[in-house]
Amino acid sequence: MNKVRVALVGAAGRMGKTLMALAPAEDVQIIAPFDSGDTIKAENVDVLIDFSSPEAAEAVCAEATKHNTPLVIGTTGHSAEQRYAIQLASGKIPIVLASNFSVGVNVLFSLTEQAAEILGENFHCEILEMHHEMKKDAPSGTARTLAEIVQKIRGGELRHGRKGILGERDKFEIGIHSVRGGDVVGDHTVIFAGKGERLELTHRATSRDTFARGALQAAHWIMGKTPRLYTMRDVLGQTTTLHA
Ligand code: NAD
């Protein structure tokens with residue numbers, strides 16, 4: 001396999017360090033590591049990878065489009081404006097945007113889609129996520145993606161947590177609950193609760209390596225693709241009509 005030459009934004013972070021450590025074994029050369037305070041440059045690289053903070057989105061997109069450099073974005077928690085900037089850039093360059101690069105979570109996306117389609121409106125959907133104490137955004141990007149998958153199929157409002165006298169549950173609402181603590185890499189459970197039975201789909205990540213390997217795989221895959229917004233499900237060859 002040819003080596004992919006990469007510029008990495010967020011190189012000093014937890015994911016950045018994991019990517020740097022795993023890159024050589026995955027035929028990726030990180031030749032331009034950037035972190036807070038640096039001017040991001042995407043000249044003379046094959047792919048730009050971003051695992052930093054949502055605030056970097058505009059600069060990352062501007063630099064990648066300026067040099068026609070494909071982009072792999074793993075950062076989560078983007079605002080509507082930042083998502084729009086990414087969407088706009090994907091008209092000019094290919095971009096993989098994935099809230100989760102692990103193979104298992106992408107299977108969870110498919111299973112959730114299937115369960116939401118098969119189970120009727122009498123099964124109520126709630127999503128639980130737990131992450132380490134240092135995680136900055138809530139809910140997790142993965143929980144957001146899971147909620148959007150269910151919402152696209154059966155509608156309903158997203159309800160972030162519950163407190164007070166709220167009355168009965170709306171049958172279509174999708175509850176999302178974020179738990180923080182310790183060194184949990186990332187747990188997600190999707191609950192479909194019906195009368196007399198309950199289906200729970202759970203994924204637990206025990207190492208950041210799984211996300212890093214997926215992102216490095218996406219860096220190989222994105223080269224030579226036509227401009228568009230892709231997901232990890234495209235990289236893995238999973239067919240879907242939904243964005244994840
Ligand atoms: P972290 O806080 O450990 O690291 C983030 C790094 O980015 C820090 O070194 C910080 O200084 C740097 N940074 C912040 N803003 C920057 C900017 N504007 N320009 C350049 N560098 C900047 O966080 P982390 O655990 O490594 O996670 C990083 C991001 O990746 C988060 O959004 C997290 O939710 C996401 N994440 C995604 C996946 C996935 O599979 N998609 C997996 C894990 C984490």
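Position 1 is the first residue of the sequence; numbering continues from there. Read the numbers this way: they start at 1 and go in the same order the structure lists the ligands and their atoms. From a predicted model like this one, the values you see are computed outputs, not experimental measurements.
- A side-chain donor from one of Thr145 and Ser99 sits under 3.5 Å from a side-chain acceptor of the other.
- Note: Phe101 and Phe51 have tilted aromatic rings, judged against thresholds of 30 and 60 degrees for the angle between ring planes.
- In this structure, ligand 1 sits under 4.0 Å from heavy atoms belonging to Val9, Gly10, Ala12, Gly13, Arg14, Met15, Asp35, Ser36, Phe51, Ser52, Ser53, Ala56, Gly74, Thr75, Thr76, Ala98, Ser99, Asn100, Phe101, Lys135, Lys136, Asp137, Phe211.
- In this structure, the separation between CD on Gln151 and CD on Glu157 is 7.0 Å, given to the nearest 0.5 Å.
- Glu200 and Thr202 share no donor-acceptor pair across their side chains, judged by distance under 3.5 Å alone.
- Neither side chain, Ser140 nor His131, offers a donor N or O lying under 3.5 Å from an acceptor on the other.
- Donor-acceptor pairing under 3.5 Å is recorded for the side chains of His177 and Glu126.
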